[in-house]
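Numbering of ligands and ligand atoms starts at 1, following listing order. A quick note: this is a predicted structure, and the numbers were derived from the prediction, not measured. Throughout, numbering of the chain's residues begins at 1 and tracks the sequence.
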Amino acid sequence: MLTVLDHPLVQHRMTYLRDIKTQPKLFRELVTELTEFLAFEALKSLNTVEVEVQTPVAKTTGRKVSDDIVLVPILRAGMGMLDAMLHVLPYAKVGVLGMQRNEETAEPVPYYAKVPPAKGDELAIVIDPMFATGGSAVDAVTQLKKLGYRRIVFLCLVTAPEGAANFEKHHPDVPVYTAAKDERLNSHFYIVPGLGDAGDRIFGTL
Ligand code: PRP
Ligand code: URA
């Protein structure tokens with residue numbers, strides 16, 4: 001299921017993110033802020049346990065997150081979302097999947113994988129700003145399922161309808177959270193209006 005964040009603070013940042021005049025420093029800051037909003041929405045149902053806490057005034061109870069979390073950025077653009085995720089989940093483990101689209105066909109070409117094997121009950125959070133044909137996302141989640149992950153969620157910034165439909169067909173059990181659902185893909189499989197090549201804009205390699 002696809003959830004699109006519907007919030008003025010998200011739309012405001014997305015406008016600057018899309019702008020061709022936005023330079024890498026601001027682009028990275030916006031990616032970080034938007035990722036924290038995505039995490040806030042997507043992780044509402046994290047498991048917690050009750051704990052006792054002594055305030056300066058009284059003893060009370062609070063809750064602590066009890067889930068084991070594995071963050072999985074897809075190289076390379078997914079690295080742009082990692083700091084934000086580690087900021088909100090500082091105790092998370094990190095696994096990495098390297099994936100490069102074939103420029104002609106848009107087929108994902110996996111080139112690296114270093115993800116801890118699953119125990120079974122942890123939550124894997126896959127992060128990649130762009131969800132175009134959905135090919136990279138489908139492949140990443142297929143790899144995680146083969147490693148034994150059963151609880152997976154996907155966070156991205158911009159989604160094309162074609163990618164969302166493709167992903168839903170392959171992994172209907174994996175929720176996807178996005179900051180924007182755009183109009184379509186162009187003939188080069190880029191998202192329209194989109195924001196261009198997210199990796200190039202994050203790393204200044206245009
Ligand atoms: C981009 C993006 C996704 C993928 C999305 O990566 O970060 O991984 O394309 O496209 P898809 O939905 O059609 O698979 P890219 O292959 O450009 O690599 P990069 O992150 O190294 O720039
Ligand atoms: N990857 C990107 O970075 N941008 C797109 O529009 C599509 C794939």
Candidate with minimal heavy-atom separation from atom 18 (O) of ligand 1, of R201, Q100, M79: Q100
For atom 5 (C) of ligand 2, closest protein heavy-atom neighbour: Y190 CD2, 3.4 Å
For atom 8 (O) of ligand 1, closest protein heavy-atom neighbour: D128 OD2, 2.5 Å
M130 neighbourhood, listing ligand 2 atoms whose heavy-atom distance to it stays under 4.0 Å: 1 (N), 2 (C), 3 (O), 4 (N), 5 (C), 6 (O)
Check ion pair K119-D68 (N to O, under 4.0 angstrom): yes
Evaluation steps, side-chain hydrogen bond (donor to acceptor under 3.5 Å, both in side chains), between N166 and H170: CA-CA 7 Å; N166 182 25; H170 288 88; 3.2 Å; yes
Option with minimal heavy-atom separation from atom 4 (N) of ligand 2, where the choices are S136, A198, G196: G196
Within reach of ligand 2, part of A132 (heavy-atom separation under 4.0 Å): side chain
For A77, atoms of ligand 1 separated by under 4.0 Å from a heavy atom: 7 (O), 20 (O)
Verdict with supporting geometry, F167 and F131, ring-ring contact (aromatic ring centres under 6.0 Å, His included): CA-CA 9 Å; F167 189 82; F131 209 102; 5.3 Å; yes
Backbone or side-chain N or O of I191 under 3.5 Å from ligand 2 N or O: yes
Basic-acidic side-chain contact under 4.0 Å: D173, R151: no
Ligand 1 to A137 polar contact by distance, N or O atoms, under 3.5 Å: no
Shared hydrophobic cluster, L46 / F37 (ILVMFWY, side-chain heavy atoms < 4.5 Å): yes
Contact (N/O only, under 3.5 Å) between A106 and ligand 1: no
Atoms of ligand 2, numbered as shown, that sit under 4.0 Å from any heavy atom of F189: 7 (C)
Sole candidate of L71, I152, L155, V174 that passes side chain to side chain contact (heavy atoms under 4.5 Å, CB included) when paired with V126: I152
Nearest neighbour in protein (non-hydrogen) for atom 14 (O) of ligand 1: S136 OG, 2.6 Å
Interatomic distance, R101 atom CZ to H188 atom NE2 [nearest 0.5 angstrom]: 11.0 Å
M79, CE: over 12 other non-hydrogen atoms inside 6.0 angstrom: no
N or O contact, G134 vs ligand 1, cut-off under 3.5 Å: yes
Test applied, side chain to side chain contact (heavy atoms under 4.5 Å, CB included); reference residue, V10; option that passes from L5, V4, T178: L5
Protein non-hydrogen atom found under 4.0 Å from atom 4 (C) of ligand 1: yes
Residue selection (non-hydrogen contact nearest atom 10 (O) of ligand 1) among M130, R101, R76: R101
Structural part of D200 in contact with ligand 1, heavy atom criterion under 4.0 angstrom: neither
Sub-3.5 Å N/O-N/O distance, Y111 and ligand 1: no
Heavy-atom gap R201 to ligand 2 smaller than 4.0 Å: no
Proximity to ligand 1 by part of F131, non-hydrogen separation under 4.0 Å: backbone
For D197, atoms of ligand 1 separated by under 4.0 Å from a heavy atom: 22 (O)
Any N or O of T133 closer than 3.5 Å to N or O of ligand 1: yes
Step-by-step salt bridge (Lys or Arg N to Asp or Glu O under 4.0 Å) determination, K181 to D6: CA-CA 10 Å; K181 186 171 182 187; D6 181 19; over 6 Å; no
Heavy-atom closest pair, residues A198 and M130: CB-CG, 3.5 Å
